[in-house]
There are 2 protein chains.
Amino acid sequence: MGVKRKTKSVELMLETFGQSKNALTVVDLVKRFEGKMNKTTVYRVLERLEDEGKLHSFTGKDGLKWVAKCHGCISSNHTDDHPHFQCNDCGISQCLSLDISIPKVANHKIESANFLFFGQCEQCLNSYSE
Amino acid sequence: MGVKRKTKSVELMLETFGQSKNALTVVDLVKRFEGKMNKTTVYRVLERLEDEGKLHSFTGKDGLKWVAKCHGCISSNHTDDHPHFQCNDCGISQCLSLDISIPKVANHKIESANFLFFGQCEQCLNSYSE
DNA sequence: TTTGTTAATGCACCTAAGTTGCATTATATT
DNA sequence: AATATAATGCAACTTAGGTGCATTAACAAA
Ligand SMILES: [Mn+2]
Ligand SMILES: [Mn+2]
Ligand SMILES: [Zn+2]
Ligand SMILES: [Zn+2]
């Protein structure tokens, strides 16, 4: 590859995420763009946007790949190393603006960490009290 | 299903884990038992042993399923809710005997968590200083 | 505006983890 | 030994994700 080009697909993908802190599964994105963007293109556009520091991804409980917007990352360094939350009731997944300190582990050098929390999201909690 | 029976496969599987805190991928287990136990049986035996609280599993960075021995769990309650470690160099994965407190998250009810750490394991650290 | 270069895309096909249905075999009970 | 059924093997399936290659679209140069 040489110089990156602006394309409809890339813009469309970024618009889809907007400024939301909610994550989307790649599977969902593929469905969402059916007829408009090929499955392969979805994967390639996501890979590109991750490289560019505009999106980041994590693996959910189910093993599926989830993608979300980056806030303040640059191409050479993903700085938003935050935990993620997955709702046991409605299944949504979102980024948490929360700092978690990585503990010391004897005889190990820890370089990074994945934190995944499970429970009920705001919307699901509210729907109980109606 | 009715009353569980003792079988060679179940014993063999438990022996394989021994008392180690190292986890094994299901993929590895399938390879390991090639010719002795069918892939399907591996998956079913693992499912059974998880139900019985003798093994537990987690999803690795790669999305693969890892399995490890439980210490002090019973059928109705998996109590060993601990973090896991994956070595970036040699690829091994292991259970960490480490208590991590689950933080409060505004407008969310957190019920459980997955912690996955990445870095260098003891063996890999030592091999550098040789 | 037209032309040339090549990045981006679509499409068909592939890979591999994990699952399912069903016939056969092994274990436990009488 | 005869019976009941849990466990297993096997083949076929499902699905997330990836690859190779021909075609198309973006962009710069003429
Ligand atoms: Mn995030
Ligand atoms: Mn463990
Ligand atoms: Zn919810
Ligand atoms: Zn290691």
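Naming: A, B, ... by sequence-line order, numbering from 1 per chain. Values in this document were obtained by computation on a predicted structure and should not be read as measured data.
Heavy atoms of other residues, nucleotides or ligands lying less than 6.0 angstrom from CD of B:Glu52 number more than 12.
Exactly one of B:Leu49, B:Val26, B:Val42, B:Leu24 qualifies for a side chain to side chain contact (heavy atoms under 4.5 Å, CB included) with B:Val67. That residue is B:Val26.
Following rounding to the nearest Å, B:Glu47 (CD) and C:dG18 (C1') show an atom-to-atom distance of 11 Å. Per the geometry, CE belonging to B:Met13 stands 13 Å off C1' belonging to D:dT8, to the nearest Å. In this structure, B:Leu64 places its CG atom 12 Å from P of D:dG17, rounding to the nearest Å. One atom, CG of A:Asp51, and another, P of C:dA7, lie 15 Å apart when rounded to the nearest Å. Atom C1' of nucleotide C:dA7 and atom NZ of A:Lys6 are separated by 15 Å, given to the nearest angstrom. Whole-Å rounding puts the B:Arg5 CZ to D:dA4 P distance at 13 Å. As rounded to whole Å, 14 Å separates atom P of C:dA8 from atom CG of A:Leu46. Nucleotide D:dT24 holds its P atom 19 Å from the CE atom of A:Met37, rounded to whole Å.
You'll find the side chain of A:Leu125 stays beyond 4.5 Å of the side chain of B:Asn107, heavy atoms only.
Tracing side-chain contacts under 4.5 Å through hydrophobic residues (I, L, V, M, F, W, Y), one never reaches B:Leu46 starting from B:Val27; they form parts of separate clusters.
For A:Lys39 against C:dG10, a side-chain-to-base donor-acceptor contact under 3.5 Å is absent. Taking 3.5 Å as the limit, the base of C:dT9 and the side chain of A:Arg44 contain no donor-acceptor pair of atoms between them.
Residue A:Thr41 places at least one side-chain N or O under 4.0 Å from the OP1 or OP2 atom of C:dG10. Phosphate proximity of D:dA7 to B:Ser9: absent, as no side-chain N or O sits under 4.0 Å from OP1 or OP2.
For B:Asn38, whose side chain is taken as the heavy atoms from C-beta onward, the closest listed nucleotide among C:dA28, C:dG10, D:dC10 is D:dC10. Distance from the side chain of B:Arg48 is smallest to D:dA7 among D:dA7, D:dG9, C:dT6.
Looking at heavy-atom distances under 4.0 Å, B:Val45 makes contact with sugar-phosphate atoms alone, never a base. Contact annotation for A:Thr40: base contact, defined as any heavy-atom pair under 4.0 Å involving a base atom.
In plain terms, the two heavy atoms of B:Leu116 and B:Phe58 that are nearest each other are CD1-CE1, 4.3 Å.
A donor and an acceptor atom, one from each side chain of B:His82 and B:His71, are nowhere located under 3.5 Å apart.
Taking the six-membered ring for Trp, A:Phe115 and A:His84 have ring centres at least 6.0 Å apart.
Residues B:Lys8 and A:Lys36 both approach DNA chain C. Their nearest nucleotides, taken by heavy-atom distance, put A:Lys36 toward the 5′ side. If A:Lys4 and A:Tyr43 are placed on DNA chain D by their nearest nucleotide, the residue sitting closer to the 5' end is A:Tyr43.
Within residues 22-31 of chain A, the residues having any heavy atom under 4.0 Å from DNA chain D are, by residue number, A:Val26, A:Val27.
Using a 4.0 Å cut-off between charged side-chain N and carboxylate O, B:Lys65 and B:Glu50 make a salt bridge.
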